[in-house]
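Below, read A as the first sequence line, B as the second, and so on, with proteins coming before strands; counting in each chain starts at 1.
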Amino acid sequence: MPPEAQGNMMSGAEMIIRALKEQGVDTIFGYPGGAVLPIYDALFKQNHIRHILVRQEGGAVHAAEGYARSTGKPGVVLVTSGPGATNAVTGLVDALMDSIPIICITGQVPTHLIGSDAFQEADTVGITRPATKHNYLVKNVADVGRVMHEAFYVATNGRPGPVVIDMPKDIQVETGPYTGSPKTKHRSYLPQVKGDINAIRQAVELIASAKRPVFYTGGGVINSGPNASQLLREFVRMTGFPITTTLMGLGSYPASDPQWLGMLGMHGTYEANLAMHDCDVMINIGARFDDRITGRLNAFSPDSRKIHVDIDRSSINKNVHVDVAIVGDAGHVLEDMIKVWKAGVHRPDKQALADWWKQIDQWRGKDCLKYEPSTDVIMPQYALQRLHALTRHLKPYITTEVGQHQMWAAQFIGFDEPNHWMTSGGLGTMGYGLPAAVGVQIAHPNALVIDVAGEASTMMNIQEFSTAVQHDAPIKVFILNNEYMGMVRQWQQISYEGRYSHSYSDSLPDFVKLAEAMHGVGLRCTKPDEVDGVIEEMMAIKRPVIVDCQVAKLENCFPMVPSGAAHNEILLNAKDAGLERADDLALV
Amino acid sequence: MRPQLPIERHTMAVLVDNEAGVLARVIGLFSGRGYNIESLTVAEVNHAEGLSRITVVTRGTPPVIEQIKAQLERLIPVHKVSDLTVEGPAVERELALVKVAATGDPRVESLRLADAFRARVLDTTTDSFTFEITGSSEKIDAFVELMKPLGLVDVSRTGVVAIKRGAGAM
C-alpha cells in the first residue's frame, strides 16, 4: 500500500459520508434498515449532513427529486436492501423519465450471502438496471470512494438521471483506502455539451428564413441551469417569435410574456397546438417529441422543417424525423445561436411574422381555457386562478400529483422563473407531489411550497405528511377534491360511454381531521366565496396544511387533443367532445 | 401513411468496459425497447485496459437501426459503437461445432461433405463425428442443413464476429 493511502484508511460507511461531504451534499432523504446500519451509524457521528427520515422509501426518492429540481443540485437517497430498494424503484423510473439527477444508495446483504435468497435480499442492480441511468454493485471497499464520486459525475453530466449504488453490508464495515475525488470522471462517459457549430449556423439560417416559426422548448432548458433560461429569453425576444413550452419546460420562459403561447400538447392551449401544426419552422430546444406532445405522429406539424437541440443523441429522430439536429447542452447551444444570430445578417421576415402573429392572435381569441363559472360550486379552474393570484407575489414553488388537477395547474398557474414547478411528467406518478413538496421545502425552508393535489393522488403518499410535520416543513397540500380519479373518469366519460369503472374515490378520509390527526392543520372550503379566505389562512400558517377544496365533481379538463388525434383536431369543450356540459351542480 | 420502410440487417461492434452486468445492460436494452437480436457474441479483447467487444447482429428499419446505435452509445460503460454494415466493408465469420451420429454410408457422406466445406474433424467415435466449421453464417446454415438427413444430433454456434477490412481499427 502506498504511504499516502494509509492516512486515508477508513470504513466503507465512512467513505460514503466523506464522499457526500466532498460533493457538497447537505441533505439526504432516507429510511434505515438492517443492511444500512453501518452507514446510519456513520451518519449519527457527524453533523455536516442532515438526514430527512421519510415514511416510505418511495417518498424519499420523490423528496430528493423535489430537492433536485428546485435547487439544480443532485438529490441523495439512502435506503436499505430488499424492500427498501424495491420501494424506491418507482421514484427512480420517475427521475429517469424526467431527467433528474439522483444518487440512491441502497444497502445490500453481505457479499458472501448474495445469491442465497438471504433475508431482505433482492437483486437490486438487476431490478434497477432499466430504472436508472447507471448502477453499481460495490464488491471491494477500495472502490467505494471512486464509485461514489463517479456516480455523482454520471448523474449530473449529460442528460441527468438517477444512479443507484448498491452497498453490501460487509463493504460498509470493512476498512480500506479512500479513493476518488469530486474531480473523478467516468472513463468512457464523456457527453458532448457544445453543439456542432456548422449545424448551429444551419439552424440559425433556417430560423431567419422562417415565415411561421415557433419555439418548442422543454425540460432540457431547465436542466441546463438558470443561465439557459436567460439565454432562451434573450434569443426568443431577439427573434420576436412565438414560443410554447412543454409541461417539463414551464418557467423556462415567463408565462406572463406576450410571446408565450402557453403549454402545448394533450391539454395545451389551442394557440400553442395550432401554431405547432401550422408552423413552417419548429425550433425544439430540450424537448423530446413525447407522444403527449405530438399527438398522432403522421399528422404532427406536417409542413414544417424542424430543428432539434438535445443533449441526448438518442432523442434525435426517435419519434419525429428532424432536418437539423444539434447534440449539445441547451445553454451552450443557445449561447452559440445568439452569437451566430448577432454576427450574421439574418433578420426575420417582418411582414410574414406579423401575419403569423395575426393568425395566432385569432386563435388566442378563442380563449381556450375559459370555463363556465359558478357561484354555487367551486370550479377547480377558479380555485387555481385564485391560488395563483393570491400567492404569485411570493414566487411559490408548486408541485403536483398526477391527473386533472395537474393539467389545470399547468394551465392556470403562470411560472415566470425556472425551478419553481415540479411535476411528474414522463412517468405520471400519482403520489409524487406531496413528498416532492417536502423535498422542496427542506431545500427552501422559508419559501411557500404548495402541492396542488387531487384527493386520489394524495392518498397514495399521504404518509409523507408526517415527514413534513417531523421536519418542520410547512408544505401546503391544496387538494382539489372532486371525489373522483378525475382524469380516469374524464376518459371513461369521453371514450367509454360514461362507464365509471372504479374511478370513484370511495371512503375518503375527512382531510381536515386527517391533517389534525397527523399534527398538521386542516382547512376546508366548499363554496366559491370561501376560497380566498382559505388560501389566505393557509398562507398565514407556518405549519404543514392540508386544504380540502371541494370542487365541482364532474368538470372536465379542456382543451384536449385526444390520444391518437392531430393537433388541429383539438377539442375545446364538452360539446366538442360530444358530451353534454358536465353539469354536476345538482349532484353537489 | 408513411411508406413501408425496408428491414435491414446490421452488424454492430460495441466496445465496452469488461465489468459485471455490462452484457445484461446491452441485452436489456434490446429486450426493453423491442429490438431484435439475431446473434450476439462477447469476449474480452484488451485485458490491460479491461475492454470487451460485443458483436451484435440485428434487424430493423433504418430509423430503428439509428436508434439502436444511439441507445447503445448512451450506455455508460460503452466506449464506442461501430455499425460495420454502414462503415464497412467488413468481414464476418462464425464458428460452429456440428455433431453427426451415423454409421455406414451416411457417415462416409458426412465426412466427404465436411471436406468440401473445409470443416475439420474435431472428435470422432466409431459412430459419430464432431466437425468444426468456420465461415459466413450462410455457409454454416448450408452445412447444417446438409448434415440433417445424415444423422445430425447437435449444433453449437458462436454467433458472428466481425471486423473492418483494411488497416483501420473501430
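- Counting heavy-atom neighbours within 6.0 Å of A:Lys139 NZ, excluding the residue itself, gives a total of 12 or less.
- Comparing B:Gly32, B:Gly28, B:Ala24 by heavy-atom pairs within less than 4.5 Å of chain A, the highest count is held by B:Ala24.
- More than 12 heavy atoms of other shown residues, nucleotides or ligands fall within 6.0 angstrom of atom CZ in B:Arg107.
- Nearest heavy-atom pair across A:Ser314 and B:Gln67 is O-NE2, 2.6 Å.
- Heavy atoms of B:Val78 lying under 4.5 Å from chain A belong exclusively to its backbone.
- Without hydrogens or angle criteria, A:Ser188 side chain to B:Asp17 main chain gives no donor-acceptor distance under 3.5 Å.
- With chain A as the partner, the residue from B:Glu19, B:Arg25, B:Lys69, B:Lys80 showing the most heavy-atom pairs under 4.5 Å is B:Arg25.
- Other residues, nucleotides and ligands contribute at most 12 non-hydrogen atoms within 6.0 Å of the CZ atom of B:Arg118.
- With rounding to the nearest 0.5 Å, the separation of NE2 in A:His321 from CD in B:Glu66 is 8.0 Å.
- When every heavy atom of B:Gly21 is checked against every heavy atom of A:Arg129, the shortest pair comes out as O-NE, 3.9 Å.
- For the options A:Lys133, A:Arg159, A:His186, heavy-atom pairs under 4.5 Å to chain B are most numerous at A:His186.
- The number of heavy-atom neighbours closer than 6.0 Å to NZ of B:Lys164, taken from other residues, nucleotides and ligands shown, is above 12.
- Atom CD1 of B:Ile163 is surrounded by 12 or fewer heavy atoms from other residues, nucleotides or ligands within 6.0 Å.
- When heavy atoms are compared at a cutoff of 4.5 Å, A:Val125 does not approach chain B at all.
- Shown here for B:Arg74 and A:Asp312, the closest heavy-atom pair between the two residues is NH1-OD2, 2.6 Å.
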